[in-house]
Every structure is written in C-alpha cells, then in structure tokens.
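Read through the structure below, which is laid out as structure tokens, and then see the notes.
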Amino acid sequence: MTPQQVELVQTSFEKVMPIAATAADLFYNRLFEIAPATRALFPKDLTEQKVKLMSMLGTAVANLHKLDTILPAVKELGARHKGYGVTAVQYAPVGAALLWTLEQGLGTDFTPDVKAAWTATYNALAGVMTS
Ligand code: HEM
C-alpha cells in the first residue's frame with residue numbers, strides 16, 4: 001500500500017464513522033444476501049458484533065501506516081476466526097460486502113482510487129488473518 005492509499009482509506013473512513021451504525025446494518029444485510037451460509041456463524045443478535053466490527057476496522061485503519069505494529073493482533077484475530085468456523089473462501093464475500101457498504105455510505109466520494117485503496121487494505125488484513 002502506498003502512503004496515498006493509507007491516507008485515502010483514513011479520510012474516507014472518517015466520513016463513514018458518523019453513520020457507523022447504519023453502515024454496520026448495511027454490511028451485514030448485504031453479506032447475508034450474497035453469502036447466506038455465513039449467517040449461521042454469527043449470533044442471532046448482532047448488536048455487539050456490529051460495534052466490535054466497526055471498532056476493529058477503526059483501529060486497523062488508524063494504524064495502517066504502521067501495519068507491522070498491529071500484525072500480531074491481526075494474526076490472532078485470524079486465528080480466532082478459524083475457531084468461529086470461518087473458512088478462507090468466506091473472506092471474499094465479506095470483502096465484497098465491505099466495499100459495497102463503503103460505496104453506499106460514500107456515494108460520489110467512493111472514487112476508483114478510494115476503491116483501490118480499500119481493496120488493498122482489506123486484502124492486506126485478510127491475507128494476514130488467513131496466513
Ligand atoms: C478483515 C476482515 C475481518 C475483520 C477486521 C473482522 C473483525 C472481527 C472482530 C473484531 C470480531 C470480534 C471477535 C474477536 O475479536 O475475535 C469478529 C468476530 C467474528 N467474525 Fe470477523 N472479521 C473479519 C472477517 C470475517 C470473515 C471473512 C468472516 C466470515 C463470515 C467473519 C465472521 C466472524 C464471526 C462468525 C465472528 C464471531 C461472532 C460471534 O460469535 O460473536 N469475520 N470479527
């Protein structure tokens with residue numbers, strides 16, 4: 001990831017933060033639409049899950065410029081996901097749902113450069129989590 005991409009991800013995430021709850025709703029609805037089998041992995045009540053996901057994303061985004069410092073935590077997060085029954089192939093629909101959510105939340109600010117920067121971010125995180 002280039003420093004410009006890190007900045008694009010950070011500034012675009014700031015724009016989504018005020019609507020974090022809506023973004024989380026959009027994300028899970030979209031995920032369960034495109035990958036229904038993932039629904040059973042999550043608890044019935046997603047309230048806590050939504051807060052955790054947005055806060056983890058926030059931490060990752062804030063530390064993107066020093067990704068090496070959060071690598072151990074991201075690796076552990078990946079190991080826990082294996083324990084939740086998450087398989088490597090499920091990272092693709094989750095990434096797609098995330099990009100779709102950002103597109104909804106950002107509208108015209110979701111430029112091709114912003115999309116590329118988020119794709120690089122998600123792939124980096126997913127790559128470490130599944131390693
Ligand atoms: C970059 C990718 C991802 C991030 C940042 C992320 C983040 C998180 C966080 C922070 C938690 C809270 C629990 C913990 O810390 O262990 C969690 C739980 C969970 N995640 Fe993810 N996740 C990612 C990818 C995925 C994928 C690909 C799936 C597949 C469907 C998934 C399914 C789950 C499930 C099932 C739980 C546990 C729910 C529960 O029982 O409470 N996650 N995730």
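Just so it is clear, the values below take in all heavy atoms, side chains as well, and ignore hydrogens, waters and symmetry mates. Atoms within each ligand, like the ligands themselves, are counted from 1 in listed order. Note that this is a predicted model, so its numbers are computed, not measured.
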>> Set out, in order, the CA-CA distance, both residues' side-chain angles and the distance that settles side-chain contact (heavy atoms from CB on, under 4.5 Å) for L53 and K50, then state yes or no.
In response: CA-CA 5 Å; L53 175 76; K50 287 175 180 173; 6.0 Å; no
>> I'd like to know whether M129 forms a side-chain contact (heavy atoms from CB on, under 4.5 Å) with K75, so could you lay out the CA-CA distance, the side-chain angles of the two residues, the decisive distance to 0.1 Å, and finally the verdict.
In response: CA-CA 5 Å; M129 284 177 71; K75 267 195 170 208; over 6 Å; no
> Given the rule in the side-chain contact (heavy atoms from CB on, under 4.5 Å) test, do T59 and N63 qualify, once you have shown the distances and angles that lead to the verdict?
Replying inline: CA-CA 6 Å; T59 307; N63 291 289; 3.7 Å; yes
> How far apart are the C-alpha atoms of Y91 and N123, what are their side-chain angles, what is the distance that settles it, and do they pass the side-chain contact (heavy atoms from CB on, under 4.5 Å) test?
Replying inline: CA-CA 9 Å; Y91 280 81; N123 289 343; over 6 Å; no
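Atoms of ligand 1 found under 4.0 Å from any heavy atom of L41, numbered from 1 in the order shown, are 30 (C), 35 (C). Listed by number with element, the atoms of ligand 1 under 4.0 angstrom from any heavy atom of T38 are 30 (C). Contact atoms of ligand 1 toward M129: 1 (C), 2 (C), 3 (C), 23 (C) (distance under 4.0 Å to a heavy atom of the residue).
Between Y84 and F42, the distance from one ring center to the other does not fall under 6.0 angstrom.
Taking atom 32 (C) of ligand 1 as the reference point, the nearest protein heavy-atom neighbour is F42 CZ, 3.2 Å. Closest protein heavy atom to atom 9 (C) of ligand 1: L77 CD1, 3.8 Å. Protein heavy atom nearest atom 39 (C) of ligand 1, with residue, atom name and distance: P43 CD, 3.5 Å. Looking only at heavy atoms of the protein, atom 36 (C) of ligand 1 is closest to Y84 CD1, 3.3 Å. Nearest to atom 5 (C) of ligand 1 among the protein's heavy atoms is M56 CG, 3.8 Å. The protein heavy-atom contact nearest to atom 27 (C) of ligand 1 is V94 CG2, 3.3 Å. The protein heavy-atom contact nearest to atom 15 (O) of ligand 1 is R80 NH2, 2.9 Å.
Looking at ligand 1, you won't find any N or O of K52 less than 3.5 Å from one of its N or O atoms. Taking distance alone, with nitrogen or oxygen atoms compared against 3.5 Å, H81 approaches ligand 1 more closely than that limit. Checked against a 3.5 angstrom limit, the closest N/O atoms of Y122 and ligand 1 fall outside it.
Here the straight-line distance linking atom CG of L46 with atom CZ of R39 works out to 4.5 Å at 0.5 Å rounding. The distance from atom CG of L106 to atom OG1 of T11, rounded to the nearest 0.5 Å, is 9.0 Å. Rounding to the nearest 0.5 angstrom, the gap separating the CG atom in D109 from the OG atom in S12 is 8.5 Å. Taken to the nearest 0.5 Å, the CD1 atom of I34 stands 9.5 Å off from the CH2 atom of W100.
In summary, the side chains of T47 and D45 do present a donor paired with an acceptor at a separation below 3.5 Å, with no hydrogens or angles considered.
Between the choices M54, Q49, E76, the shortest heavy-atom distance to atom 11 (C) of ligand 1 belongs to Q49.
The proximity of A35 to ligand 1, defined as any non-hydrogen pair under 4.0 Å, does not occur for either the backbone or the side chain.
Using a 4.0 Å cutoff on heavy atoms, L57 does not count as a contact of ligand 1.
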